Protein chains: 2
Amino acid sequence: MATIYQVSELAGVSLATVSRVMNGGTRVSEKTREKVTKAMETLNYRPSSIARSLASNCSNSVGILVSELHGPIYGEMMSGIEKQLRTAGKHVIIAAGHSDAASEKDGIEFLIDRNCDALILHVEAVSDEYLIELATTKYAFILINRYIPQIADNCISLNNRRGGYLATKALLENGHRDIAYISGPLWKMDANDRYLGHQEALSEFGIACNEALLSEGNFQEEGGNECMLALLDTKIAFSAVVCANDEMAAGAMQAARDRGLAVPNDISVMGFDNVLLARYMYPKLSTVNYPVQDMGKMAASWILKNIYQANQPDISHVFEPELVWRDSVISL
Amino acid sequence: MATIYQVSELAGVSLATVSRVMNGGTRVSEKTREKVTKAMETLNYRPSSIARSLASNCSNSVGILVSELHGPIYGEMMSGIEKQLRTAGKHVIIAAGHSDAASEKDGIEFLIDRNCDALILHVEAVSDEYLIELATTKYAFILINRYIPQIADNCISLNNRRGGYLATKALLENGHRDIAYISGPLWKMDANDRYLGHQEALSEFGIACNEALLSEGNFQEEGGNECMLALLDTKIAFSAVVCANDEMAAGAMQAARDRGLAVPNDISVMGFDNVLLARYMYPKLSTVNYPVQDMGKMAASWILKNIYQANQPDISHVFEPELVWRDSVISL
DNA sequence: AACATCAATGTAAGCGCTTTCATTTGGTTT
DNA sequence: AAACCAAATGAAAGCGCTTACATTGATGTT
């Protein structure tokens, strides 16, 4: 591996000059720039990103922590982030947090120890306080899918409440009046917001929210299944169920079928997130779109702008969901 | 940020000693080890991974290039890799190759420029020659899901042929005799191998392979859909179709339904890969399991063993697929 | 012609570690 | 008590860059 030293020697200039032509910025005469460039090519010179990092105190790396590397949401998110960041010559170091507080902290520490210039965090278990402290005292990061008022500028989130509202409103507008709800764990803010939106839509249509028609799930297929069964067991009639995410909707559909109910004819099902599999389900799932890839891109932009002083369009901190109409809901 | 220098000062020892206690290995008296450890804690010392990398000529990072960060397969794969590598204190830098030769080369260069100690590559467009040259002259890497005889030790792949064989054999054993096949792009080795397995099973049962019942798709849902339509249009009767991956199976099922055929009663559908969505489809898809997460882990082990001299169990280079029996196939 | 100015280039001091080699230390041996 | 030895420690030279500051040499000014 050729070093900058050998380049400088071959080109007959000083180290500083080589460094200058590498980094573009400062003025170097056209003649020497050419000499140096040619020397670099001859030697097939590759600057050592590590040495640069040490000398410049900037690693050009950003860490990203997601709950799981698999799973429908995270892939999209990382995809958006990577695209944006690689274009800018930054690289992405990944780690998984597994939705567990200790493990999430671990992941954050790990990334910090890796000298990332900044972090993109999708964490759900770690406390607000921890994050607030991290933000104010130590490290640059942006939070995806979470909103903490005290550090609002570090947050990029979805308007979950509006999403919940849209889902239920769509059902309402199509004649449904008895609507069950399968929520995520209500201690999670997004789950809670989505449910709030549901209530809002109901009350807008003058319908009392029947607590008996709420079942709290775990955001997973099997939870959706169980909740649906529980709902059916109440013997309270309902013509539609809205699920706080698509996986649970899949489980709910399955449960309905197992009880001999047809979707959507006997019961309409609404999802949330619009993950890939929503399109693959049968019937295709009506759901609410969560523009997670765009949000990933935006997070990357935030970092480019705030950490690397790059020009970037304005940052949106809250994204709006949209209804996606497919086949799992009928009009009454 | 405290540096090693401050630690050495506070502990009253030399830099070298601090370095020694950090790196465990060499002998340091218990007393000084304690002094140093305490000093580190007091100062909340974090070694700079960058400085260490520069000095030790080892970045402790491994680059991973996948076709897409989203998509059902890659998430699982990265998940396996990350788990394994992080446990060993290595970090993972990701990049996407987008199944395009130029873009894949780009990604590889990018990762090399990032001073990765080794690479894990899931590439499909780049040529064998390029990879052979890379392997022999320049860089350490392991290939996932690809087999190149000349550099077999750098490859971890699935026995695709056997998978194809298993899929068709299962159908055969359940009484199906007229079996259509929707393949992936046959220039891709995995697609071709799967098809070869299909033929093998047929001939084992003494059935001639009818070329008219082969339709070449693109490994995507919409391709599966089109192929199925084409197959149906031939008017040749068949009671089952095996698809070279699950996405195409989803498309095929959709197409069958659009033509008024029930799955599995009128037609059985077999997939391949056992991606997450196979479980979510309706009916649940019978398929062939592709243990991609384990393969990711194995790739990581290979690197740990070969690059970092860690103790690791023996490396398997080819993984065996297994049949997953679900609801999309009936017995005749 | 003497001087100020400024772009182009060079010098050298780090950045925070690892590692080789030399030195010190304290316990054993005789 | 002298001599010896291994274990513990220290000194210092890098690793391959960036960058503040110094130097050089054209050019323009008076």
Side-chain angles (χ1 to χ4, degrees), chain A residues 1-40 43-61 89-91 112-117 308-309, chain B residues 1-40 43-61 89-91 112-117 308-309:
Chain A
M1 260 301 62
T3 72
I4 194 178
Y5 185 77
Q6 307 175 37
V7 174
S8 85
E9 199 170 30
L10 181 61
V13 300
S14 72
L15 292 195
T17 302
V18 178
S19 177
R20 284 189 190 101
V21 351
M22 266 201 284
N23 297 297
T26 21
R27 10 188 80 284
V28 180
S29 76
E30 206 41 54
K31 220 177 351 182
T32 54
R33 179 185 307 280
E34 260 172 39
K35 271 194 308 189
V36 172
T37 312
K38 185 177 278 180
M40 286 180 173
L43 293 172
N44 190 23
Y45 170 69
R46 298 306 187 82
S48 153
S49 66
I50 295 197
R52 299 177 89 163
S53 296
L54 184 60
S56 66
N57 194 30
C58 162
S59 68
N60 283 309
S61 71
K90 312 303 174 194
H91 68 262
I112 292 180
D113 282 350
R114 249 52 210 187
N115 296 87
C116 296
D117 295 330
Y308 298 114
Q309 285 78 44
Chain B
M1 261 295 68
T3 73
I4 195 179
Y5 186 78
Q6 307 176 37
V7 173
S8 85
E9 199 170 32
L10 181 61
V13 299
S14 72
L15 292 196
T17 302
V18 178
S19 177
R20 284 188 190 100
V21 351
M22 263 200 286
N23 297 297
T26 21
R27 10 188 80 287
V28 180
S29 77
E30 205 41 52
K31 223 179 346 186
T32 52
R33 181 186 304 281
E34 259 171 38
K35 271 194 308 191
V36 172
T37 312
K38 185 177 279 179
M40 285 179 173
L43 293 172
N44 190 23
Y45 170 68
R46 298 306 185 82
S48 153
S49 66
I50 295 197
R52 300 178 88 165
S53 296
L54 183 60
S56 66
N57 194 30
C58 161
S59 68
N60 284 308
S61 71
K90 313 301 175 194
H91 68 261
I112 292 180
D113 281 349
R114 249 51 210 187
N115 295 87
C116 295
D117 295 329
Y308 297 115
Q309 285 79 42

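Letters A, B, ... are given to chains in the order of the sequence lines, protein chains preceding strands, and every chain is numbered from 1. What you see is a predicted model; the values in this text were computed from it and never measured.
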Run the side chain to side chain donor-acceptor pair (under 3.5 Å) test on N115(B) and R52(A) for me, step by step, so that the C-alpha distance in whole Å, both residues' side-chain angles and the decisive distance to 0.1 Å come before the verdict.
CA-CA 11 Å; N115(B) 295 87; R52(A) 299 177 89 163; over 6 Å; no

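Nearer to the 5' terminus of DNA chain D, by closest-nucleotide assignment, is the contact made by A51(B) (compared with the other of A51(B) and S19(A)). Both T32(B) and M1(A) sit near DNA chain D, but only T32(B) has its closest nucleotide nearer the 5' end.
Contact annotation for S48(A): backbone-only contact, meaning every heavy-atom pair under 4.0 Å involves sugar-phosphate atoms and none involves a base. At the heavy-atom level, V28(A) lies under 4.0 Å from the strands shown only through sugar-phosphate atoms. Among the heavy atoms of the strands lying under 4.0 Å from T3(B) are primed sugar atoms or P, OP1, OP2 only; no base atom is included. Residue V13(A) is in sugar-phosphate contact alone, with no base atom involved, counting any heavy-atom pair closer than 4.0 Å across all strands shown.
Spacing between atom CE of M22(B) and atom P of dT19(C) amounts to 11 Å, rounded to whole angstrom units. Rounded to whole angstrom, the span from the CZ atom of R20(A) across to the P atom of dT9(C) amounts to 9 Å. The separation between I4(B) atom CD1 and dG14(C) atom C1' is 16 Å, rounded to whole Å. Spacing between atom CG of L54(A) and atom P of dC17(C) amounts to 9 Å, rounded to whole angstrom units. Between the C1' atom of dT18(C) and the CG atom of N60(B) lies a distance of 13 Å, rounded to the nearest Å. Put simply, CD on E30(A) is 10 Å from P on dA8(C), counting in whole angstrom units.
Phosphate proximity of dG10(C) to S14(A): present, with a side-chain N or O under 4.0 Å from OP1 or OP2. Distances shown here put a side-chain N or O of N23(B) below 4.0 Å from the OP1 or OP2 atom of dT18(C).
Distance check: K38(B) NZ to L43(B) CG gives 13.0 Å after rounding to the nearest 0.5 Å. Distance check: R46(A) CZ to R114(B) CZ gives 11.5 Å after rounding to the nearest 0.5 Å. Note that the CG atom of N60(B) and the OH atom of Y308(B) stand 5.0 Å from one another [nearest 0.5 Å].
Looking at heavy atoms from C-beta onward, S8(B) lies out of side-chain contact with S14(B) at the 4.5 angstrom threshold. Side-chain contact between M22(A) and I4(A): present, with at least one pair of heavy atoms (C-beta onward) separated by less than 4.5 Å.
Between L54(B) and I50(A), the shortest heavy-atom contact is N-CG2, 3.6 Å.
Mapping heavy-atom proximity under 4.0 Å, the span of DNA chain D touched by chain B runs 5' to 3' from dA8(D) to dG16(D).
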